Amino acid sequence: MTIFSPTQTHQVFLNYRGEQLRYNFVSHLIDAFERHGIKFFVDKYEQRGKDLKNLFVRIEESRIALAIFSTRYAESNWCMDELVKMKKLADKEKLQVIPIFYKVRARDVRRQTGEFGDNFWTLAKASSGDQIKKWKEALECISDKMGLSLNDKSSEADFVKEIVEEIHRVVAAIGLEDGENIFGKKRRMVEDRNCPYDLPDCKRSKIKKL
């Protein structure tokens with residue numbers, strides 16, 4: 001299995017409950033990503049013995065993150081802490097987060113109800129008030145974004161295809177944004193070169209017209 005560098009452009013970070021999804025749904029998703037040339041990172045690629053907080057660095061290095069919510073997702077404080085990190089980056093427009101609802105209702109994730117909520121509140125009993133507040137805010141924020149859902153009667157194969165298509169769409173959108181940013185910088189550089197050094201307000205006035 002190919003291990004992609006965490007510094008590669010448009011890397012997709014997968015945030016999910018490993019004990020529930022690693023050897024079934026996520027393994028199929030990884031296979032599809034490799035076949036379609038999608039660069040990604042999952043925690044199994046992290047070197048053994050490293051601090052798990054190193055995963056937060058991997059999130060920062062990514063452009064896209066999939067928050068794969070499942071019934072057992074909220075059992076893990078690491079899943080929840082990663083989600084908080086993802087929310088912070090998304091708020092700063094440094095990360096595009098796509099919620100994936102794997103056989104769980106978005107409403108249960110948002111409100112911490114149902115089986116998902118039972119697991120969340122079990123974890124919360126052993127956690128601090130500040131942690132719980134951040135987790136709830138992250139769940140409410142991320143689950144409220146446009147995402148993809150799979151129910152018990154849906155085809156997982158079709159769902160994986162749908163996720164791949166969505167990743168391609170987001171990557172294309174990011175590429176367009178990057179192109180616009182690069183173009184904008186080049187345009188400013190050209191105008192700056194045309195600005196006489198003895199006119200300190202020239203650069204500022206030029207930029208205002210962009």
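Remember, it's a predicted structure, so these values are computed and weren't measured experimentally. One is the number of the first residue; the rest follow in order along the sequence. Below, all heavy atoms of this structure are taken into account, side chains as well, without hydrogens, waters or symmetry copies.
- When the salt bridge (Lys or Arg N to Asp or Glu O under 4.0 Å) test is applied to Lys133, the partners found at least two apart in sequence or on another chain are Glu137.
- If you take CD1 on Ile59 and CZ on Phe41, they are separated by 9.5 Å, rounding to the nearest 0.5 Å.
- For the salt bridge (Lys or Arg N to Asp or Glu O under 4.0 Å) test, residues two or more places apart in sequence or in another chain that qualify with Arg17 are Glu19, Glu75.
- Residue pairs satisfying the side-chain hydrogen bond (donor to acceptor under 3.5 Å, both in side chains) criterion with at least one member in residues 111-120, sequence neighbours excluded, are listed as follows: Asp108-Thr113, Gln112-Lys136.
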Please walk me through it: do Leu95 and Phe13 pass side-chain contact (heavy atoms from CB on, under 4.5 Å)?
CA-CA 10 Å; Leu95 182 70; Phe13 183 91; 6.0 Å; no
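- The list of side-chain hydrogen bond (donor to acceptor under 3.5 Å, both in side chains) pairs with a residue in residues 88-100, not counting sequence neighbours, reads Lys87-Asp91.
- Cluster annotation: Val84 and Trp121 are assigned to the same hydrophobic cluster (Ile/Leu/Val/Met/Phe/Trp/Tyr, side-chain heavy-atom contacts under 4.5 Å, transitive).
- Counting only residues at least two apart or on different chains, the ring pair (Phe, Tyr, Trp, His ring centres under 6.0 Å) pairs with a member in residues 83-107 are Phe25-Tyr102, Phe69-Phe101.
- Side-chain contact between Ile100 and Phe159 is present, with at least one heavy-atom pair separated by less than 4.5 Å.
- Under the side chain to side chain donor-acceptor pair (under 3.5 Å) criterion, Thr122 pairs with no residue, sequence neighbours left out.
- Between Phe40 and Ile167, the closest side-chain pair of non-hydrogen atoms is not below 4.5 Å.
- Taking the six-membered ring where tryptophan is involved, the planes of Trp78 and Phe56 are tilted, since the angle between them lies from 30° to 60°.
- In plain terms, the two heavy atoms of Val109 and Ser143 that are nearest each other are CG1-CB, 3.7 Å.
- Taking the side chain as every heavy atom from C-beta outward, Tyr73 and Leu83 approach each other to under 4.5 Å.
- Looking at Lys145 and Ile142, their side chains come closer than 4.5 Å, going by heavy atoms from C-beta outward.
- For Glu60, the salt bridge (Lys or Arg N to Asp or Glu O under 4.0 Å) partners two or more places apart in sequence, or in a different chain, are Lys85.
- Here the shortest heavy-atom pairing between Ser155 and Leu150 reads O-CD1, 3.8 Å.
- In this structure Asp130 satisfies the side chain to side chain contact (heavy atoms under 4.5 Å, CB included) test together with Ser128, Lys134, sequence neighbours excluded.
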Mind running side-chain contact (heavy atoms from CB on, under 4.5 Å) on Asn54 and Arg58 for me, showing each step along the way?
CA-CA 7 Å; Asn54 197 52; Arg58 302 304 187 209; 3.7 Å; yes
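- No side-chain heavy atom of Val170 sits under 4.5 Å from any side-chain heavy atom of Val12.
- The main-chain N or O of Ala65 is never found under 3.5 Å from a side-chain atom of Ser62 such that the two would form a donor-acceptor pair.
- Annotation for Val97 and Pro99: closest pair O-CD, 3.7 Å, computed over non-hydrogen atoms.
- The two residues Glu162 and Leu148 have their closest heavy-atom pair at OE2-CD2, 3.4 Å.
- Residues satisfying the side chain to side chain contact (heavy atoms under 4.5 Å, CB included) criterion with Asn77, sequence neighbours excluded, are Asp81, Leu123, Trp135.
- For the side chain to side chain donor-acceptor pair (under 3.5 Å) test, residues two or more places apart in sequence or in another chain that qualify with Ser70 are Gln20.
- Not a single side chain to side chain donor-acceptor pair (under 3.5 Å) links Glu165 to another residue, sequence neighbours left out.
- No side-chain heavy atom of Ile38 sits under 4.5 Å from any side-chain heavy atom of Val171.
- Inter-residue side-chain proximity for Leu139 and Phe120 is flagged as met; some heavy-atom pair is nearer than 4.5 Å.
- Asn24 pairs by the side chain to side chain contact (heavy atoms under 4.5 Å, CB included) definition with Leu21, not counting sequence neighbours.
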